[in-house]
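Written below as structure tokens is the structure these notes are about.
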Amino acid sequence: MARHLITSAIPYINGIKHLGNLVGSQLPADLYARYLRARGHEVLFLCATDEHGTPAELAAAKAGKPVDDYCAEMWGVQAKIAEGFRLSFDHFGRSSSDQNKKLTQHFAKVLDDEGLIREVSETQMYSHADGRYLPDRYIEGTCPNCGFEDARGDQCDNCTKQLDPVDLINPRSTISGSTDLEMRDTKHLYLRQSEMKDKLDAWIDSKTDWPVLTTSIAKKWLHDGDGLQDRGITRDLDWGVPVQKGDEPWPGMEGKVFYVWFDAPIEYIACSQEWVDAGKGDDWARWWRTDKGADDVRYTQFMGKDNVPFHTLSFPTTILGSNEPWKLVDYIKSFNYLNYDGGQFSTSRGRGVFMDQALEILPADYWRWWLLSNVPESSDSEFTWDSFQQGVNKDLADVLGNFASRVTKFCRSKFSEAVPEGGTPGAREEQLMADLTAKIAEYQTHMEAIEIRKAAASLRGAWVLGNEYLQEVAPWSTIKEDPAQAAMQIRLALNMIRLYAVISSPFIPDACADLLSCMKADDAEWPTDIAAALKAMPEGHAFTVPDVTFRKITDAEREDWQERFAGTRD
RNA sequence: GGCGCGGUAGCUCAGUUGGUUAGAGCGAUCGACUCAUAAUCGAUAGGUCGGGAGUUCAAGUCUCCCCCACGCCA
């Protein structure tokens, strides 16, 4: 029994996420959380929406709503979809919470006290019509280099030369199109990450068991070019955490907010406070403060590769730099990208399958199984409808679902809807126990190492053992000469259904809950002794035949969906 | 152009610190079985491990060069 803190990278509030976003952090994090809970560990699994920044403001404006209303509404949408996928967050928070506001301001003050924040003066374009500063890509104009008329503030798409927005000729706002712009001097705060470079470097070096993807990205940012750079942590926006030194104002920073990447990871901590304030827990500090009981917590973060720099460098700078006893991450599991049918999933272009659409066409378990057993761990992987159909039909319908079906229906027709009596196990049954024990041990090893593809393969291997056994002992033949022996074989097989439901539930929770309910099993404890677990349902124990646990995806459906999702959304 | 992850059977991928005849799943072919969601089980075929050179008694596994795909950055 250990204590595990698990966080998934927090999805941006703007719009519904696609399957690539889901498989890159939330879903594997959920798998791990469910597994550890099933093993009897104490788990706190947190996620939230990342709500600040310009994209949220623009999306709200487009929807004709105040930004806070828009975010509240979208939080509700995302929370509902997360529930649909059975993501078992202990709390799904919001980075715009008061708790996060206070904590972000607290960290800013402490970091400033530690000398890790410096002020920088910059010149930025201010738009009178929009009433705001225009960061790089919100401004366009004529390229001073090649004369291209639609050059963006940060780069000219025509000559590729990198630009500074103030150099553009005839600049205009991409928001309103206004040309009523003015260069203004403005001050910003920078986090002195470069000061922490050696400390971070040593810390990353000590993490020899982390995925290469995680450490190689961190190392690149630490050593590439001039090394780790300081980063601006403030913006001239309305929507965000107001820049303050704790409770005190920050002279010269009036009207500015912290930049999203600074306050977003702090939400991991704030989320636990929201969890307490929502009445779901009573002590957040024992998860986050090493001086208040978090010493024995193992903290694991899940994220896509694009988030690695923030979690290996920026957020650790905040934590380590504060010199306060905050819990630092122990393990960072990062993922590559999932591609869609020969290209990328794209939120902006609406390409691919989005979370709400996925749930409209099939239950969560179908998606969970395929996505997890094909999770992009070692390299980018690809979603194709063909592969999805094949994986679901073969693994779920044929191997697992059909096993439950053949066993329960055979028992009902030859015996009754109760675990049959008689017979004595022999050598073949001992072999089965040994095989199952080994396969499940292998599965557990992979789950503990968060080797998800391998864990899925082992789990499937355990399912196959049941079919192999049945095929070999052939109770449909045995029953003709020795009904008692057939009863023993089926009794074992019925118990295997229960066992499979228990160990598979981290992957496919709904189907497993159904199977357990059909088996009328009140014991869903994780098996430590397989032989004992296969006696959990004694002779005479009643059950019901499950409905089709997993249905097959037909060729017509596959073609239909392939067609339907080929274009773009909206 | 720089950097990163890859390039292993038709497809998707495993291959630990270099060491016996390179593995799995799917697909294909053949066979067995008939309890079951036309499901299951078994067998077989198929790879000069992107190319070249080198180190070594021994290289998919280390070194160098090159090629290809994808991604990130400037």
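Order of the sequence lines fixes the chain letters, A, B, ..., with proteins taken first and strands second; residue numbering starts at 1 for each chain. Heavy-atom basis, side chains included; hydrogens, waters and symmetry copies ignored.
- Taking A/Ala501 as the reference, A/Cys512, A/Leu515, A/Leu516 meet the side chain to side chain contact (heavy atoms under 4.5 Å, CB included) condition, with sequence neighbours excluded.
- Nearest to the side-chain atoms of A/Lys394 among the listed nucleotides B/G42, B/C35, B/C26 stands B/C26.
- Atom C1' of nucleotide B/C73 and atom NZ of A/Lys305 are separated by 13 Å, given to the nearest angstrom.
- Under 3.5 Å, the side chains of A/Ser387 and A/Trp370 contain a donor-acceptor pair of N or O atoms.
- Taking atom P on both B/C64 and B/C3, the two are 13 Å apart, rounded to the nearest angstrom.
- Residue contacts shown for A/Phe550 include a base, since a base heavy atom lies under 4.0 Å away.
- Rounded to the nearest 0.5 angstrom, A/Arg491 CZ and A/Glu421 CD are separated by 8.0 Å.
- Nucleotides B/G15 and B/G7 are separated by 10 Å at their P atoms, to the nearest Å.
- Rounded to whole Å, the C1' atom of B/C65 lies 27 Å from the corresponding atom of B/G19.
- Distance A/Lys414 NZ to B/C35 P: 6 Å, rounded to the nearest Å.
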N/O to N/O distances under 3.5 Å, protein versus nucleotides 11-14 of chain B:
{"residue": "B/A14", "atom": "OP1", "partner": "A/Ser378", "partner atom": "OG", "Å": "2.1"}

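- Under the 6.0 Å cut-off for aromatic ring centres, A/His311 and A/Tyr268 qualify, their centroids lying closer than that.
- Of the P atoms belonging to B/A58 and B/G18, the separation is 15 Å, rounded to the nearest Å.
- If you check the side chains of A/Gln26 and A/Asn21, you find no donor sitting under 3.5 Å from an acceptor.
- Rounded to whole angstrom, the span from the CH2 atom of A/Trp463 across to the P atom of B/G25 amounts to 15 Å.
- Taking 4.0 angstrom as the limit, A/Arg460 places a side-chain polar atom (N or O) nearer than this to OP1 or OP2 of B/C26.
- Between B/C13 and B/U8, the distance separating the two P atoms is 9 Å to the nearest Å.
- The two residues A/Leu359 and A/Trp367 come nearest to each other via the heavy atoms N-NE1, 4.3 Å.
- For RNA chain B, the stems formed by at least three consecutive Watson-Crick or G-U pairs, with both atom-pair distances below 3.5 Å, span B:1-4 with B:70-73, B:10-13 with B:23-26, B:28-32 with B:40-44, B:50-54 with B:62-66.
- Ring pair A/Phe550/A/Trp369: centre-to-centre distance not below 6.0 Å.
- Here the separation of B/G51 from B/A14, taken at their C1' atoms, is 24 Å to the nearest Å.
- A distance of about 49 Å separates the C1' atoms of B/C33 and B/G71, rounded to the whole Å.
- More than 12 heavy atoms of other residues, nucleotides or ligands sit less than 6.0 Å from atom NZ of A/Lys520.
- Summarising the geometry, the separation between CG on A/Asn336 and C1' on B/C5 is reported as 6 Å, rounded to the nearest angstrom.
- Every residue two or more places apart in sequence or in another chain was checked for a ring pair (Phe, Tyr, Trp, His ring centres under 6.0 Å) with A/His446, and none qualifies.
- The CG atom of A/Leu465 sits 15 Å away from the C1' atom of B/G25 (whole-angstrom rounding).
- The distance between the ring centers of A/Phe403 and A/Tyr500 falls below 6.0 angstrom.
- Counting to the nearest Å, the P atom of B/A36 and the CG atom of A/Asp398 are 15 Å from each other.
- Between A/Lys409 and the phosphate of B/A39, there is no side-chain N or O to OP1/OP2 separation shorter than 4.0 Å.
- We find the OG1-CG distance between A/Thr318 and A/Leu191 to be 5.5 Å, quoted to the nearest 0.5 Å.
- Remark: the separation of the C1' atoms in B/C57 and B/U40 is 48 Å, to the nearest Å.
- As judged by a 4.0 angstrom heavy-atom cut-off over every strand, A/Ser405 is placed among the base-contacting residues.
- A/Val407 comes within contact range of no nucleotide atom at all, as no heavy-atom separation falls under 4.0 Å.
- Heavy atoms of A/Thr549 sit under 4.0 angstrom from at least one base atom.
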Every protein N/O lying under 3.5 Å from an N/O of nucleotides 30-34 of chain B:
{"residue": "B/C33", "atom": "O2'", "partner": "A/Trp476", "partner atom": "NE1", "Å": "3.3"}

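- Atom CG of A/Leu400 is separated from atom C1' of B/A39 by 13 Å (rounded to the nearest Å).
- By the side chain to side chain donor-acceptor pair (under 3.5 Å) test, A/Thr408 pairs with no residue at all, sequence neighbours left out.
- Closest of all the heavy-atom pairs between A/Val502 and A/Ala524 is CG1-O, 3.6 Å.
- Glycosidic conformation, B/G46: syn, with the torsion inside 90° of 0.
- Residue order along RNA chain B, read from the 5' end via each residue's closest nucleotide, puts A/Ala397 first among A/Ala397 and A/Asn467.
- From A/Met519, atom CE reaches atom CG of A/Asn495 across 9.5 Å, with rounding to the nearest 0.5 Å.
- Counting atom types as modelled, A/Asn402 pairs a side-chain N or O with a base atom of B/A36 as donor and acceptor under 3.5 Å.
- Remark: C1' of B/C35 and CD of A/Glu417 are 15 Å apart, rounded to the nearest angstrom.
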